[in-house]
Each structure stands twice: as structure tokens, then as C-alpha cells.
Number of protein chains: 2
Amino acid sequence: MVTLAEVAQHAGVSASTVSYVLSGKRSISTTTRQRVEQSIRELGYHPNAGARALASSRSNIIALMVPLRTDMYVPVMMEIAIAVATTARIHGYDVLLLTGEEGPDAVRRVTGSGLADAMILMDVELEDERLPLLRGTDQPSVLIGLPASTSGLTCVDLDFGATGALCVEHLAKLGHRDIAVIGEAPAVYERHTGFAERTLDGLRSRARELGLRVLHRPCDGGYDAMAATLARIFDERPDTTGFVVQNESAVEPLLALLRQQGRAVPEDVSVVAICPEQVAVQASVRLTSVAIPAQEMGRHAVEHLVAKLDGRGSDEVVLIAPELTVRASTGPAPAGS
Amino acid sequence: MVTLAEVAQHAGVSASTVSYVLSGKRSISTTTRQRVEQSIRELGYHPNAGARALASSRSNIIALMVPLRTDMYVPVMMEIAIAVATTARIHGYDVLLLTGEEGPDAVRRVTGSGLADAMILMDVELEDERLPLLRGTDQPSVLIGLPASTSGLTCVDLDFGATGALCVEHLAKLGHRDIAVIGEAPAVYERHTGFAERTLDGLRSRARELGLRVLHRPCDGGYDAMAATLARIFDERPDTTGFVVQNESAVEPLLALLRQQGRAVPEDVSVVAICPEQVAVQASVRLTSVAIPAQEMGRHAVEHLVAKLDGRGSDEVVLIAPELTVRASTGPAPAGS
DNA sequence: ATAGGTTGTCGAAGCGCTTCGACAGCGAAT
DNA sequence: ATTCGCTGTCGAAGCGCTTCGACAACCTAT
């Protein structure tokens, strides 16, 4: 393994000079810099991460805590994780992958050991156990998701309230009066992750203003669950013509079942989905949808963190404005209803 | 930040004693050990990762390179990643998340800087650029996937050859004579990742033995691509009654299209999928499938690596035997054909 | 010509840990 | 009673880097 000292010797300078060439923290004459860079290249030198971390008390690592559950929103999580890793590299950071399994202990371990300089938490619950720890440390962090209280925290999330409102507005404009909301799996509500509730709140209050009727039903993914939910919905509200779907693994089942029941999309019923672009585009009917901006969230989170680590940046809640893309799954409400 | 020295002072012993309590590399009297452990708890001590890495030249980190592409097999990748992270923690390791984006440079960087003690590479291509580097270093690594030459490498993968054979056998036993294989997206074949080809080879050679006819068509995910592919298949081989699907994002479109064309599953045509359990179970027809054992692969990879790092273990290719689960999408071939 | 300021480089200290050799203390064997 | 071999503990060196203060060498302003 090549060391700084070897590079220094090879270039005929002192170790500290090489260090300054690397960090740029002091000015170095062009000739010296070039000589050093040449030696670095020739010897194939890579600074030792441990030594660097020890001396500078900076690991250049960002920890990313992803939920252990592989049951929900998997592509979104992956997309965020990839965006985080990619953006982090651009800023010279690596990413440590932690699962939610360890819970608050993981936070303690990371902050205590100097393993990482900062953390990103995904899938934050309203009253998350990890929050007090984050508030009590000076290690920067960003949450992807919105807890009940955000004081002293930095959060990035889609504005789910506005998202709900946007969906219902779109349906209202098309003349739909009876809206059914296919929500997340019951487990998501029980876990109090918040985003599902926020969507619903935003949707409901806008619906009230617009004078629409809303029926909300949580729903597990898969066909059987969807079939049961759909039957109940049409039982209670036979005139339902508009659907808002938040659970992406319920989207395809819903479309298949509607087709099976002879209800045409978008002629008889309209469907708006809250899901990643790819799902919306690849579905059997190209879906009018509000995209979940996974990449943007990941990128934002890292950039906030880097700003904080550089002494810039501050605590702040960033709610990304939702954008609704009209595709083939929504149309005017049928005249008869 | 609490240091070893502070713990030592608090416990009234020397720093080295604390270190030995932590590592267990020398025997320590029970009373001393307990006193030290008590101090560690009281002070909330966590060893500094950088210092530890520097002194021991072991980072206790495993690097995981995941492909940048988010277009394929996303849930499988995520499942592997989670399994890797979880298993690694059990053995005292953390996981560094690298994207394939950096390519071979990432390997150089990690081995050169001592950032990680070992690497796991996912989505390995037949002639992967990173392989020469891995062979040229003494850093242990495990590939998830199978390159063209495995000499000097450790690999873990599903036995895709046997998987293909198993699928076709199942269909043969049910009396199907004309089999269509819906393969991966063309991009997957162009990338030469190998698993798709291996599946096909295994399937074809078994089909030959059994006297079946096989038609293979690569297929992108989504409805439009699937519709085109399906049309071509029935055009060329109208008597096709058995399908093997490898592209999981083609599964649902296929089922929907068959339904639409009035071909009942499993009465008229049978479908076998190669996909994660969850996809098979949640599909509109519960699918007879060979599961992709993502968790097992991740766990295996880590355990191999840990064994190597402990001086046990050796280079080896582990092919996981496929298991076919019969569900509702396959049945006897229709009598007429 | 002198004081003052820059610029570029160096030496040394030290980050917090592991690990090696040393050795005190003690029971067992001679 | 002396030697031997344990066991448990300590001190010190050193891992490879960053960073601080020092200081030549030069330039500019007086």
C-alpha cells in the first residue's frame, strides 16, 4: 500500500506538502503541485481512509438508514438510495447503508464512532424514536419524510397534502362528484408514517371546498385485497366515478378488476395514481398521476447535508410541489351519473 | 467524544487493557472485565472507527456495488442489498453502498484507500471490467452473478441453467409441446450479464431432450412491448400453450393480454414465471414460479466474505438450486392442440 | 536600505486505537 | 526453597494522515 510519505519522497517534498496539494488548503507553487500529482499518478496513491478520518475527524461518509421492510414502495426506496449514493459521490462522500433494524442504536453507534459525518433517515414515523437522538447531537441529518414536530430538524418530502388536493381538483374539474380513495395498506397507517394521512387530509379539505364526496379505504396490495375493497366501495357508493390510488401495488389490480367488471377507463371511471413515473407509464392504461420525485428527494437530502457540513445551510423543511401529469386514465365524468 | 483513554482512567486500568476487553484477544480477569464494561456503559463509549481502522488496518466495512440502472429487477436488488446489510451487521460489519457508475475506478478506490475490507459485486457481466482488478488484489470479494471465467473468484448465483430446465420440464409434464419464452429486455442481452442466456441454454437443451419446440423472444417491460411480442409469438406458433417468463415487468401485461384475447390461464395456456415470490403471489393469477432467492444470495455472499476475512473459506462457485412452486397459472395442456 | 507583508515549504505534534514485548505475581513441579 | 510456566496487566511504539506554527525567500512600499 502506497503512503503519503512514499509519494513525498518520490516527489522530493515533505509529507505536509503532499497533503496540502491534496486538500488545497494552502497555496502550492504550480511546479511543485505538478510534480506531486505526477508522483501520485505514477505510484497509484490513494489516501488511507482510516488515517484521514482519524486525523481530520471527518470520515467523508454519509449514513443512509433505509427501512427494513421490503414490503412497500421498494422501487421508490431504491431510487432514493441510488440518487443519494450518486449525489454523494459527486460531493466526495461515500454512503453507508444502514437498515432500520437496529433502530435508535444505529444512530448512537454512528454518531458515537465517527463512522459517518451525517445521516439521512428514510421512512420517518410521526413520533420517531430516533428524533430525540438527532436533536441531541451536533451531527447534521436530513429526514426524508415528515415527523409530527420538525423543530430543529431538516426534512425533505413531497408535499402530500398538496398532492391529495391536486388529485381531487383534477377529478372535480372533469365533473366527477363521487371520489373513492384507495389508500395505503392498513399497516402503513398503523405505523404512523404520516404521508398517507397528509395526503388524505389535503384531499378531503379540498374536496369539501369543491363540494365532492370522498370515501377512503386503506387497501393491501394484490388482487384479492383489491377485489374486496372495490366491492365495498361500489356497494356503499354506486355512483363513484373517480379514483385516487396511493398504494402502487394496488394500481394494476384495480385496473384489471374495473376492466373485468365492464367499467371502462377513462370513459366510465377515472383513475389518478400517486406513484413513480415508471409505474404510471408501464401500467395497462397509461395513468394520470402525481409522480413521487424519488431522485429529487435523494439529491436534495444530500445537498442539504453537504451544505450543512460546509457550514452553510440551516434547518429547513422542504416540501416538493406535486406535479400532476395527465395521461390516459382520466376523462370527463359520464353524463348519466 | 469519549475515548478509550477516558474509559481506562474511569475504570482505573490502562488503555491496552480496555482494548483487550473489547477485542478479547488476551485473557482478562473477570473482575477487571466487569469494571471496564461498566465504565464503557456509564460513559457511553463507542470506539472511533477511523482510529480503529488505522491501527488495525481493518475497517469492518464491506462494500456493495449495485448497478446504477434502476430499470431492471429493482425489488430483487433491494432485497439482496437489505439481506447483505442485515447479515453483515450480524457479523459486525457495516455496508458501504457503491453504485456501478464509477465502474472499475470504484474498485481501485476502495482497495487503495482501505475504505472496505471486502467487496460484493452485483450484476456482474460476462467479461466484466472489474474482474482483472479483483483478481489482482488480495482483498476478498464475492460476485453475485456468474462471469465467463470464474477462476480465482467466488460467485453466488441462482443456477439459471437448471432453472430454465426446471420450467420446461414442468410444462412438458403437463403435456405442453409448444413453449414460448418471454425473455429479458433486449438491453439485458446486449449487456451480456449471462443469466438470461444461461436460463435459455438450460431450457433449450432440456426441451430438446424432451422433444419440445421452443420459441424465444426478448421483451421489454410494459403493455405495448408485450402486446407486440405476444402477437408475433402467436403468429409464428399458433399452437403455443406454455409460457416461461423471465422479465418480471412483463408478467402482468402478459396475463392481462391473454385474458383480453380470451385465452384462459391455466385452461388454455400455462405460464411459469422466474421472479421473486412476492410478484408470483401478488399477480392477478397466482403464478407457478421459480423464485429468485435474493435473500439467500445476499446472506451467502456475506457469509463467504466473512469466512474469507477470518482466514477460513476459499474460492468457490455456489449455484443455488432452483425450486419450482406450483400455483394457479399452470395446468394440463388443452386436449385439442 | 529597511521594515512589512506574501508565498511556499517544512517539521513536529497528535488524532484514538491496536499490538508487541515486558514483567509482576502466583501456583505447580522439582 | 528454587525454578518454571501461567495469567493478567502495563507501557510504548506506531498506524498514515492533517494541521499548526515557523521560517526562508521573495516582493513591495517606504
Worksheet item: Could you give all pairs that pass the side-chain hydrogen bond (donor to acceptor under 3.5 Å, both in side chains) test and reach residues 130-139 of chain A, with sequence neighbours left out?
Response: A/D128-A/R130, A/R135-A/S149

Distance test, side-chain N/O of [X] to OP1/OP2 of [N], below 4.0 Å:
X     : N      : result
B/S16 : C/dT19 : no
A/K25 : D/dT18 : no
B/R52 : C/dG16 : no
A/S56 : C/dC15 : no

Discussion item. Could you write out DNA chain D as dot-bracket? Rules: Watson-Crick or G-U wobble, both distances under 3.5 Å, brackets [ ] for crossings, | for pairs with another strand, dot for unpaired.
Written reply: ||||||||||||||||||||||||||||||

Worksheet item: On DNA chain C, nearest-nucleotide positions of B/G50 versus B/T17: which is more 5'?
Response: B/G50

Worksheet item: Starting at CG of B/L54 and ending at C1' of D/dT18, how long is that distance when rounded to a whole Å?
Response: 12 Å

Worksheet entry | Gap between atoms CD and P, on B/Q9 and D/dG11 respectively (whole Å) |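 Those two atoms, CD and P, are 13 Å apart.
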
N/O donor-acceptor pair, side chain [X] with base [N], under 3.5 angstrom:
X     : N      : value
B/Y20 : C/dC20 : yes
A/R26 : C/dT9  : yes
B/S14 : D/dG11 : no

Worksheet item: Does a salt bridge link B/E101 with A/R89, judged by any charged N lying under 4.0 Å from a carboxylate O?
Response: no

Item to complete: Verify whether one side chain among A/S39 and A/H10 offers a donor that lies under 3.5 Å from an acceptor in the other.
Response: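 There is such a pair between these side chains.
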
Worksheet, complete the sentence: Per nearest nucleotide of DNA chain D, the residue lying toward the 5' end, A/L22 or B/I28, is B/I28

Worksheet entry | Nucleotide of C/dT18, D/dG16, D/dT19 approaching A/S19 most closely (side-chain heavy atoms) |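 The nucleotide sitting nearest to the side chain is D/dT19.
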
